[in-house]
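These figures come from a predicted structure and were not determined experimentally.
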Amino acid sequence: MDYKINSISKEKDSIGEVFVKVRNEESFVQGRAINVDIIVASANAYIDTINRLKVTGRKYLKIKQ
């Protein structure tokens with residue numbers, strides 16, 4: 001799993017962009033979300049990734065550490 005945060009703007013209430021990438025059996029799937037609250041953006045990016053896995057019909061592969 002890969003997790004990346006970017007700042008889109010540089011103002012006081014900057015907008016955060018979050019990317020979450022997970023590996024499944026065949027390839028990588030990436031989700032993305034944007035929000036002022038980085039916690040909300042993180043949760044939404046993770047949900048986006050899960051939805052993309054479901055739409056493609058791929059199974060999630062747990063990565064052993």
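The shortest heavy-atom contact between Gln30 and Arg52 is O-CD, 3.0 Å. Minimum heavy-atom separation, Ala41 to Ile34: CB-C, 4.3 Å.
No side-chain heavy atom of Arg32 sits under 4.5 Å from any side-chain heavy atom of Val18.
Applying the side chain to side chain donor-acceptor pair (under 3.5 Å) test to Asn44 and every residue at least two apart in sequence or in another chain returns nothing. For Ser9, the side-chain contact (heavy atoms from CB on, under 4.5 Å) partners are Glu11, Ser14, Ile15, not counting sequence neighbours. Partners of Asn6 according to the side-chain contact (heavy atoms from CB on, under 4.5 Å) rule, which considers only residues two or more places apart in sequence or in another chain, are Lys4, Glu17, Phe19. Partners of Ser42 according to the side chain to side chain donor-acceptor pair (under 3.5 Å) rule, which considers only residues two or more places apart in sequence or in another chain, are Tyr3. Every residue two or more places apart in sequence or in another chain that forms a side-chain contact (heavy atoms from CB on, under 4.5 Å) with Asp37 is listed here: Asn35, Ile39, Val40.
With values rounded to the nearest 0.5 angstrom, Tyr46 atom OH is found 6.0 Å from Met1 atom CE. Rounding to the nearest 0.5 Å gives a distance of 12.5 Å between CG of Asp2 and CZ of Arg23.
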